[in-house]
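Here's the structure we're looking at; comments come further down.
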Amino acid sequence: ETVDVVNGEASITRQFDANADYPVTATFTPSDPDRYSGSSGSGTVAVGLQDTATELTLDPVTVTAGGMVTATAVVTPTGAAGNVTFTVDGQTKTVAVDSQGHASAQFQLDRSGSYLVEAHFAPTNTAQYRPSSDTAGVSVEVEGTQTSVVVAPTIARVGEPTTLTA
């Protein structure tokens, strides 16, 4: 493509659709060849994948055993379409990223302990975007219990039945 030279420079803007090295050659053809000689130069444009970032949040971060935790991933840039795979305690859910870059999944955690929730973003367009991931911790507490004892009658006699209830 031919472009005009303005103040000693010629510029063109290009958008690249794939991750690759592209050769670039510029050839100057003077409008006054009696005064200026022609010249050329070349180089390479290295087009790389665009980085993505995944930010994982959990709600709540502390839950009672048997409770639900919502994992939400926000992927940037927002134009990066794809899926987020959430993993915690042997459970895995894959969710599509919406137009705002959000993906959410709920998990029920039945055993007490500390767990690491992982969110891995896999882009649909692997020729443009890099995958990314994040982790966050959730604490699962045991459910509290109470035990009370009822004795009836409250005075027991030898040879007579007494009911003990807990």
_Do Pro30 and Ser37 have side chains that approach each other closer than 4.5 Å (heavy atoms only, starting at C-beta)?_
no
_Is it true that Thr25 and Ser42 share a donor-acceptor pair across their side chains at a distance under 3.5 Å?_
no
*Leu116 CG to Glu118 CD distance, which is reported to the nearest 0.5 Å*: 5.5 Å
*Which distance, rounded to the nearest 0.5 Å, do you find between the CD of Glu143 and the OG1 of Thr145?*
8.5 Å
*Identify the two heavy atoms, one from Phe121 and one from Ala80, that lie closest to each other, and give their separation to 0.1 Å.*
CZ-O, 3.7 Å
_Looking at every non-hydrogen atom in both residues, tell me the closest pair between Leu109 and Gln91 and how far apart they are._
CD2-NE2, 3.9 Å
*Of all the heavy-atom pairs spanning Ser112 and Glu141, show the shortest one and how long it is.*
CB-C, 4.1 Å
*Distance (rounded to the nearest 0.5 Å) between Phe107 CZ and Thr87 OG1*: 6.5 Å
*To the nearest 0.5 Å, what is the distance between CG (Asn125) and CD (Gln50)?*
10.0 Å
*Val5/Phe28 under side-chain contact (heavy atoms from CB on, under 4.5 Å): CA gap, chis, key distance, verdict*: CA-CA 9 Å; Val5 176; Phe28 173 66; 4.1 Å; yes
*In terms of heavy-atom contacts, does CZ of Phe16 have more than 12 from other residues, nucleotides or ligands at under 6.0 Å?*
yes
*Okay, side chain of Glu55, backbone of Thr76: is any donor-acceptor separation there less than 3.5 Å?*
no
*Does atom CG of Asn7 have more than 12 heavy-atom neighbours, drawn from other residues, nucleotides or ligands, at distances under 6.0 Å?*
no
*asked:* Between Ser40 and Thr27, do the side chains contain a donor N or O and an acceptor N or O under 3.5 Å apart?
replied: no
*Does any donor atom in the side chain of Thr70 or Gln106 lie under 3.5 Å from an acceptor atom in the other side chain?*
yes
*asked:* If hydrophobic clusters are built by linking Ile, Leu, Val, Met, Phe, Trp and Tyr wherever their side-chain heavy atoms come under 4.5 Å apart, do Val88 and Val61 end up in the same one?
replied: yes
*asked:* Heavy-atom count check: over 12 atoms from other residues, nucleotides or ligands less than 6.0 Å from Ile155 CD1?
replied: no
*Do you know the tightest heavy-atom contact between Arg130 and Leu49?*
CG-CB, 3.6 Å
*So, for Ala119 and Val84, which heavy atoms are closest and what is the spacing to 0.1 Å?*
CB-CG1, 3.9 Å
*Quick one: closest heavy-atom pair of Ala73 and Thr54, and the distance?*
CB-CG2, 4.0 Å
*Can you check whether Thr94's main-chain N or O pairs, donor with acceptor, with Asn83's side chain at less than 3.5 Å?*
no
*Identify whether Tyr129 and Val75 are in the same connected component of the hydrophobic contact network (ILVMFWY, side-chain heavy atoms under 4.5 Å).*
no
*Rounded distance [0.5 Å steps], NZ in Lys93 versus OG1 in Thr85*: 12.5 Å
*Taking a hydrophobic cluster as the set of Ile, Leu, Val, Met, Phe, Trp and Tyr residues connected by side-chain heavy atoms closer than 4.5 Å, whether directly or through intermediates, do Val95 and Val74 fall within one such cluster?*
no
*If you count the non-hydrogen atoms of other residues, nucleotides and ligands that lie under 6.0 Å from CG in Asp110, is the total more than 12?*
yes
*Rounded to the nearest 0.5 Å, what separation is found between the CG atom of Asp59 and the CE atom of Met68?*
12.0 Å
